[in-house]
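Input: a single structure, listed below in structure tokens.
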Amino acid sequence: MKLENPTPIDWKFSVRAEQLQSSAIREILKVTMRPEVISFAGGLPSPATFPVERMKAAFDKVLTEQGKMALQYGPTDGYAPLREFLAKSLSTPTSTILPEQIMMVSGSQQALDLIGKVLVDEGSKVLVETPSYLGALQAFSVYQPQFESVDTDEHGLIPASVAEKGQGAKLMYALPNFQNPTGRTLSVERRYELVETCARMGIPLIEDNPYGDLCYSGDPLPKMLNMNPDGVIYMGSFSKVLTPGIRLGYIVAPVPLIRKLEQAKQASDLHTAQLTQMVVYEVIKDGFLDEHIPTIRALYSRQCDVMLEAMSQHFPASVSWTRPEGGMFIWVTLPAHMDSKQLLDEAIAQNVAFVPGGPFYANEAEKNTLRLSFVTVSPERIHEGIEKLGKLIKAKL
């Protein structure tokens with residue numbers, strides 16, 4: 001029986017909940033659902049790369065042969081064969097990673113939340129790049145840190161800035177490969193310098209690496225994890241190399257930290273879905289990613305070249321942009337007087353979308369910046385969308 005005339009509840013949110021804000025990207029994505037919109041906004045991998053038939057066969061095999069186990073609760077740290085596979089793949093001749101250093105998570109966004117929960121107190125100094133990944137800023141903001149913006153240049157994070165600003169920091173968050181949002185890559189020399197600086201200052205270094213395998217040529221650069229396994233927290237994901245819909249990622253860290261993260265995860269969701277972990281292991285255990293990832297690299301490299309060519313053709317000389325060596329993003333810097341948020345409103349009116357750069361800054365935003373993603377748009381629509389953007393920018397000069 002339903003109550004008659006119940007008193008409306010005056011919802012009083014916690015102080016922490018009052019800090020929450022919607023993702024600027026997620027709000028834009030609501031607009032991009034319209035088919036007529038040419039969207040350079042989302043950091044979504046191309047559906048053309050999803051191995052649907054391979055995943056379907058793996059689901060069938062796992063459910064047929066190990067269905068009861070796959071549908072049961074699982075251990076908090078994750079499916080043991082998958083963790084063993086990852087440990088072996090992450091190890092090098094000079095750096096052995098053990099399965100007990102790995103915990104599976106429900107997407108790397110959960111990893112960020114758990115790390116914040118375990119390491120960040122109110123007022124803790126957290127070092128981030130300038131600009132940094134919006135999802136990390138969102139995840140850490142819940143725990144009310146003091147963000148300190150580390151200086152960057154056209155080559156990415158400047159390790160000397162960490163030495164200058166890092167005293168007393170609780171952690172340093174970095175995306176060294178084809179960074180989101182800028183597409184920049186940290187050189188091997190800067191990686192060693194960053195790892196050494198953080199180790200000397202006692203700062204845990206988070207190496208977030210969802211895009212590292214998506215290099216357009218050559219081999220992936222060495223992981224900072226292997227330079228100092230005792231001081232680096234490594235985050236990996238299957239979203240960009242397999243499919244994001246399975247929501248599967250992992251954390252690699254020293255065992256004492258993994259155990260504490262495990263306790264935090266138990267309070268959050270007990271464990272990541274056993275079924276999806278078993279399916280992913282079935283898909284990748286025989287070397288499928290070695291065949292699959294090169295096809296993703298080739299597609300994204302072609303798409304990137306198309307967008308760079310279109311920008312050179314249609315953007316005025318007063319606009320500059322990065323030239324990524326892999327990944328999914330190009331970072332654009334407009335003339336100083338322009339506001340990319342205002343430009344977005346005009347672009348959406350012409351059915352083109354992108355992400356303004358402001359939300360990627362922890363502190364002082366550079367409003368004349370924006371992020372473009374090229375991987376889900378056809379070459380023809382890339383040219384059409386960039387031409388429209390170019391005309392809008394020229395009209396503001």
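- Under the 4.0 Å criterion applied to side-chain N and carboxylate O atoms, R184 and D153 are not assigned as salt-bridge partners.
- Heavy-atom minimum distance, V283 versus A58: CG2-CB, 3.5 Å.
- Nearest heavy-atom pair across A87 and P99 is CB-N, 3.7 Å.
- Closest of all the heavy-atom pairs between G156 and R190 is O-NH1, 3.2 Å.
- By the 6.0 Å contact criterion, NZ on K117 is enclosed, its count of non-hydrogen atoms from other residues, nucleotides or ligands being greater than 12.
- For the pair K240 and D213, the salt-bridge criterion is not met [side-chain N within less than 4.0 Å of a carboxylate O].
- Hydrophobic clustering (ILVMFWY, side-chain heavy atoms < 4.5 Å, transitive): L270 and L261 are in distinct clusters.
- Between K125 and K170 there is no side-chain heavy-atom pair separated by less than 4.5 Å.
- Contact check on E100 versus R83 returns no salt bridge, with no Lys/Arg side-chain nitrogen under 4.0 Å from an Asp/Glu carboxylate oxygen.
- Ring-plane geometry between F140 and F147 is classed as tilted, the angle between the planes lying from 30 to 60 degrees on a 0 to 90 degree scale.
- Under a 4.0 Å N-O distance rule, the pair E262/K265 does not qualify as a salt bridge.
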Which side-chain N or O atoms in residues 324-332 pair as donor and acceptor under 3.5 Å with protein atoms at least two apart or in another chain?
none

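- Using a 4.5 Å heavy-atom cutoff, the side chains of P181 and Y133 are not in contact.
- Partner of T185 under the side-chain contact (heavy atoms from CB on, under 4.5 Å) criterion, out of Q179, H155, R191: R191 alone.
- Here the closest non-hydrogen pair linking E384 and I38 is CD-CD1, 3.7 Å.
- Between N351 and R34 the shortest side-chain heavy-atom distance falls below 4.5 Å.
- Scored by the side-chain hydrogen bond (donor to acceptor under 3.5 Å, both in side chains) test, R302 finds no partners at all (sequence neighbours excluded).
- The heavy-atom pair separating I386 from L372 by the smallest distance is CD1-CD1, 4.1 Å.
- Between V126 and E148, the closest side-chain pair of non-hydrogen atoms is not below 4.5 Å.
- Using cut-offs of 30° and 60° on the angle between ring planes, the pair Y250 and F238 is tilted.
- In this structure, the side chain of E129 does not engage the main chain of S132 through any donor-acceptor pair within 3.5 Å.
- Ion pair E84/K88 not flagged as a salt bridge, since none of the NZ, NE, NH1 or NH2 atoms sits closer than 4.0 Å to an Asp/Glu carboxylate oxygen.
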